[in-house]
Number of protein chains: 2
Amino acid sequence: MTETTAKTLSSTQRAVHELRGLIFRGELPAGSDHLEAELAQRFGMSRTPVREAALILESQGLVELRPRKGVRVLPVSSDDMREIYDVLTELESLAAGQAAQQSYAAKDLQQLEAAINDMDRAIASDDLEAWADADDRFHTELVRLGNNSRIETIVAMMRDQVRRARALTLFMRPLPTQSNEDHRLVFEAIKNGDPAAAHDIHKIHRQKAKTMLLALLEKHRLTLI
Amino acid sequence: MTETTAKTLSSTQRAVHELRGLIFRGELPAGSDHLEAELAQRFGMSRTPVREAALILESQGLVELRPRKGVRVLPVSSDDMREIYDVLTELESLAAGQAAQQSYAAKDLQQLEAAINDMDRAIASDDLEAWADADDRFHTELVRLGNNSRIETIVAMMRDQVRRARALTLFMRPLPTQSNEDHRLVFEAIKNGDPAAAHDIHKIHRQKAKTMLLALLEKHRLTLI
DNA sequence: GCATTTGTTTACGTATGCATTAAATTATGC
DNA sequence: GCATAATTTAATGCATACGTAAACAAATGC
């Protein structure tokens with residue numbers, strides 16, 4: 001997501017990147033097992049960096065290392081999704097409230113507003129991918145403004161998981177027009193320095209999203225990703 | 001903390017355990033650097049498992065791997081502590097509220113009650129270490145009852161960090177008598193199935209703890225641990 | 001005397017090798 | 001034919017080896 005200087009990427013970093021990519025693009029389906037040696041060959045490196053990457057992704061909840069079974073891509077059940085959304089909801093709302101306490105200048109909120117406008121545009125042109133992208137940017141920026149690096153890290157991890165589910169459900173749900181009204185209200189609350197409003201509106205927003213996603217997952221029996 | 005089957009611990013697991021121990025006991029002070037080879041020798045193993053352990057602890061926010069500088073024990077500033085407590089407060093309160101929704105039977109809440117009683121006893125006998133231990137058990141059990149494994153994991157990580165700070169401040173603060181009244185109220189709320197009360201009381205409880213700890217850290221300039 | 005360059009050390013990142021042990025497969029007894 | 005035991009296979013966990021590049025020191029030029 002956020003590029004650093006990125007001069008020479010270490011093999012381990014590359015492995016993390018590649019593995020994540022494979023998982024998010026669905027090329028390694030949930031529940032599938034992959035031997036370290038196999039992945040190493042695929043990435044053109046030795047087992048060591050693959051193993052290190054697997055350990056890192058394991059502590060982020062994306063995979064699991066099982067002796068002799070290889071690296072297992074963790075499935076995400078609808079119950080997992082409930083857990084994840086509950087954490088997301090709580091921490092993002094906290095961030096929203098705290099963002100509203102920081103008395104940001106208008107220019108500090110440009111990114112946030114831009115994301116909202118992009119979403120409007122995407123909805124108008126019926127571009128769901130673009131909408132999803134802008135939605136991500138909105139939430140990332142919202143959390144950043146909350147000024148708590150732990151929340152940023154945790155939410156980024158949780159959002160990774162949600163992204164996997166959303167890829168499946170994006171095309172089966174109503175156009176998210178209502179959604180953007182919520183975003184704008186949160187934005188206004190932050191601009192006006194109203195923490196309670198920012199918190200509460202965002203919380204309800206996330207709870208609606210959770211209910212909708214879980215209903216879709218249940219309806220279509222999408223236990224995996 | 002929670003022992004699994006624990007037949008033969010792998011070297012990597014041992015390394016994680018040993019390293020954590022060294023950090024929590026303050027034998028590796030915050031900010032200090034430690035070469036992989038040095039730690040490997042200390043633990044009687046090769047660099048590989050030490051490195052793997054360091055990677056795991058790095059993603060848990062306890063250490064940092066810096067090329068050629070070794071494994072650095074991360075300092076915890078009072079601003080870090082604010083971040084950590086904010087996350088803890090929010091997620092534990094959520095867990096408390098959700099625990100109250102599960103209509104637990106009395107026997108499911110035995111552990112929780114036992115921890116509260118242990119705290120009372122520890123306070124009566126002026127045993128701060130025992131109190132801290134029981135307090136930990138209370139909070140761990142509370143979160144477990146909330147029935148969200150992600151929250152359990154995250155809170156466990158955050159509590160690790162707090163533990164480091166508490167070790168320093170435990171003996172400079174008032175006896176936590178008020179604290180246990182809060183615990184008991186949360187317990188009652190869960191028993192009576194009152195989510196809002198459980199949530200709100202616990203939240204206020206944690207906010208008080210945060211304020212007190214931060215004041216102590218600031219007062220004594222305990223920027224590190 | 002100071003700055004710059006050259007040389008040396010050393011810690012890491014990664015590759016590789018090997019012992020262990022779980023799983024799979026075959027063989028054996030009933 | 002089926003269950004159990006023996007044997008083989010193979011993937012991991014860990015040790016070790018090594019090239020690279022950063023950090024430090026020494027030496028040289030000015």
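All figures in this text were calculated on a predicted structure; none of them were measured in a lab. In what follows, chains are A, B, ... by sequence order, proteins preceding strands, each numbered from 1.
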For T48(B), check side-chain hydrogen bond (donor to acceptor under 3.5 Å, both in side chains) against everything at least two apart and list the hits.
none

Can you sort out the partners of D133(B) under side-chain contact (heavy atoms from CB on, under 4.5 Å), two or more places apart, ordered by chain and number?
R137(B)

E36(A): what forms a side-chain hydrogen bond (donor to acceptor under 3.5 Å, both in side chains) with it, not counting sequence neighbours?
R47(A), R51(A)

Taking atom types as modelled, find out whether D80(B) and S77(B) have a side-chain donor-acceptor pair closer than 3.5 angstrom.
yes

Taking only residues two or more places apart in sequence or in another chain, which ones pass ring-ring contact (aromatic ring centres under 6.0 Å, His included) with H205(B)?
H139(B), H183(B), H202(B)

Residues two or more places apart in sequence or in another chain: which of them pass side-chain contact (heavy atoms from CB on, under 4.5 Å) with L145(A)?
A99(A), Y104(A), L109(A), L112(A), E141(A)

Taking only residues two or more places apart in sequence, or in another chain, which ones meet D108(A) in a side-chain hydrogen bond (donor to acceptor under 3.5 Å, both in side chains)?
none

Let's see if you get this right: which residues in residues 43-50 of chain B place a heavy atom under 4.0 Å from DNA chain C?
R47(B)

Which whole-number value in Å describes the distance from E36(B) CD to dT10(C) C1'?
13 Å

With R68(B) via side-chain contact (heavy atoms from CB on, under 4.5 Å) - residues at least two apart:
none

State which residues pass side-chain hydrogen bond (donor to acceptor under 3.5 Å, both in side chains) with T12(B); sequence neighbours excluded, sorted by chain then number.
E52(B)

So, with a heavy-atom separation below 4.0 Å from DNA chain D, the residues of residues 58-73 of chain B are R68(B)

For E38(B), what residues pass the side-chain contact (heavy atoms from CB on, under 4.5 Å) criterion, not counting sequence neighbours?
H34(B), L35(B)

Euclidean distance, atom CZ of residue R51(A) to atom C1' of dG13(C) [Å, nearest integer]
16 Å

Return the 5'-most residue of the pair L35(A), S10(B) with respect to DNA chain D, ranking by each residue's nearest nucleotide.
L35(A)

Nucleotides bounding contact with chain B, strand DNA chain D, heavy-atom threshold 4.0 Å:
dC14(D) to dA22(D)

